Amino acid sequence: MRADSYTPQSGDPRIEVDHYALTLDYKVSTNRLSGTATIRGRVVAATKVLAFDLFGLRATKVTTAGVRVPGFHQSDRKLRITLPAPLAPGGGFEITVAYAGAPRPRRSRWGTIGWEELDDGALVAAQPTGAPTWFPCNDIPSDKATYRVSVTTDRAYTVVASGVRSEFTTRGGKSTWVFDQACPTPTYLMTVHIGHYVEEALALGAAVGRLYYPARLADRVHADFADLPRMFSCFEELFGPYPLPEYAVVVTDDELEIPLEAQGIAVFGANHVAGAGTYERLVAHELAHQWFGNCVGVARWKDIWLNEGFACYAEWLWSEYAGGLTAHENALAHNARLAALPQDLVLSDPGPDLMFDDRVYKRGALTLHALRLAVGDQPFFALLRTWIKTYGSSTATTADFVTLAVDAFGKSAAGLLNAWLERPRLPDLPSAGGERSIRRLATPRPDERPPR
């Protein structure tokens, strides 16, 4: 494993984590978090020092095998633990860290990210490097692990976290919620939401569906998410079975800058729920991430188009499926818009400052549409399903996608993808197959800052 070139100060490439067990106690009124993290993994290089990312919270005690470790040091972003004896490559470790403090988001070139206080509650929006604001971790996107998350808070609040809720208990004035995440997940896709929410079941095929929302927004939520079961069926038809046992949507009482996906969860602000389907494309975008970005994760941040380009294209596919503009009509419109913008972005390596630029989203979607036009609908969607089957629960790179396409369609696919992925100038869309469609649907919604 290597440190990520876009976030070189995050993570420790000498270690791989298998499991995090997090026990958290959070007081909403004072924004006080006390936690214990047991981290189990192994080293890939000989070392006596393990480094975990931790921001804004203070470690108070470290143990291994039940024995206190006196040799730990914490800077503003790292917790470094000196082990009693060095580990050889492949050697396993289990470290328990007690920590506490007032969690806060960290500032980054992508805005403030991580644990965030709401007017009456809290949430975690960790992409890409906000996970250390609530637990010590190896914050590298390629290091997927399983999790058990226990959250205790005032009983008036509902807790939603990544994973399947396995326990719920109430004692005195507090409730404890326990979630098990069996699907390997990178740290940035783990989340916790705490608020005054109504919980409502939603029929989503074989998966368990849940809506969480403030009671005052019930009518707007019901209107805007009424088509979610149909959208779910559409994506299962196109991409294959939903890759997790559950999908939850959280709508906060606060306004949020953008919606955001986590493993098995999407969060929307009250401003994204208008009651008129205004932000339907964002609902599609965040749902599609459960296949593209969460099931198949990026091994490196430079390959972020594999997340965002695919989710953006899913917006166009849903529009087509539901009766609005076809994917081809959307592609032509966005291709014209991109052609009028600076031609200085290389999709396969946009650079950290531009990794969430809207051109990554739209050019990524156009890349997929160009491939679809070149090879036809049935082979194209077969490739997407093969992508999920091949790299599901793991991570992949741009090179992996190109290799899969070349194996399926021959060397001509390499030339097409190279033009879209490796060169800054926007290529022309292939002309063949421009009228292919799935079905027909609604006009696209106005563009805003891209969701993640």
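All of these numbers come straight from a predicted model, not from anything done at the bench.
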Is the ring pair W316/H334 parallel, tilted or perpendicular, if the boundaries are 30 and 60 degrees?
parallel
Between W305 and F401, is the ring centroid distance below 6.0 Å?
yes
Between H196 and D120, a side-chain donor and acceptor under 3.5 Å:
yes
Nearest-0.5 Å distance that lies between atom CZ in R385 and atom CZ in F380:
10.5 Å
Scanning both residues in full, the closest heavy-atom pair of F292 with L306 reads CB-O, 4.0 Å
Nearest 0.5 angstrom please: L202 CG to L211 CG, how far?
5.0 Å
In terms of relative ring orientation, are W115 and W134 parallel, tilted or perpendicular, with 30° and 60° separating the classes?
tilted
Stepwise side chain to side chain donor-acceptor pair (under 3.5 Å) test for T170 and S175
CA-CA 4 Å; T170 296; S175 294; 2.9 Å; yes
Whether T395 side chain and S142 backbone form a donor-acceptor pair below 3.5 Å
no
For residues N271 and Y279, report the shortest heavy-atom separation together with the two atoms involved.
O-CE1, 3.4 Å
Mutual orientation of the aromatic rings belonging to Y20 and Y147 [parallel < 30°, tilted 30-60°, perpendicular > 60°]
parallel
Spacing of CD1 belonging to I304 relative to CZ belonging to F356, to within rounding of 0.5 Å
5.0 Å
Using salt bridge (charged side-chain N to carboxylate O under 4.0 Å, His left out) as the criterion, list what pairs up with D180, not counting sequence neighbours.
R148
Do the side chain of Q290 and the main chain of G264 share a donor and acceptor less than 3.5 angstrom apart?
yes
Separation between CG of L341 and CG of D358, rounded to the nearest 0.5 Å:
8.5 Å
Trace of the salt bridge (Lys or Arg N to Asp or Glu O under 4.0 Å) decision for R106 with D76
CA-CA 11 Å; R106 68 189 304 180; D76 61 341; over 6 Å; no
Could you report the tightest heavy-atom contact between D4 and P141, atom names first, then the distance?
OD2-CG, 3.9 Å
Could you tell me whether D154 and K27 make a salt bridge, using a distance below 4.0 angstrom between a side-chain N and a carboxylate O?
yes
For a quick test of reading the model, state the closest non-hydrogen atom pair linking P184 to K144 and the distance between them.
O-CD, 3.4 Å
Check ring pair (Phe, Tyr, Trp, His ring centres under 6.0 Å) between W177 and all other residues, then give those that pass, not counting sequence neighbours.
F168
Step by step, work out the side chain to side chain donor-acceptor pair (under 3.5 Å) result for D400 and T397.
CA-CA 5 Å; D400 293 326; T397 65; 3.1 Å; yes
Does atom CG (D353) have a neighbourhood of more than 12 heavy atoms from anything else shown, all under 6.0 Å?
yes
Worked check of side chain to side chain donor-acceptor pair (under 3.5 Å) between T152 and D25:
CA-CA 5 Å; T152 299; D25 192 302; 4.7 Å; no
Would D139 and T129 count as having a side-chain donor-acceptor pair, cut-off 3.5 Å?
no
Salt bridge (Lys or Arg N to Asp or Glu O under 4.0 Å), that's the test. Do D53 and R77 meet it? Break it down for me.
CA-CA 6 Å; D53 301 289; R77 64 179 68 186; over 6 Å; no
List the atom of E308, the atom of Y361, and the distance in Å for their closest heavy-atom pair.
OE1-CE2, 3.3 Å
What are the two closest non-hydrogen atoms of P229 and L204, and how far apart are they?
CA-CD2, 3.7 Å
So F225 and F268, would you call those rings parallel, tilted or perpendicular, with 30° and 60° as cut-offs?
perpendicular
Step-by-step side chain to side chain donor-acceptor pair (under 3.5 Å) determination, W110 to Q127
CA-CA 9 Å; W110 310 285; Q127 189 176 3; over 6 Å; no
Donor on one side chain, acceptor on other, D253 and Y213, under 3.5 Å
no
Looking at CG of L287 and CD of E315, how far apart are the two atoms once the value is rounded to the nearest 0.5 Å?
11.5 Å
Where does the angle between the aromatic ring planes of H328 and H369 fall among parallel (under 30°), tilted (30 to 60°) and perpendicular (over 60°)?
tilted
D349 bridged to R300 by N-O distance under 4.0 Å
no
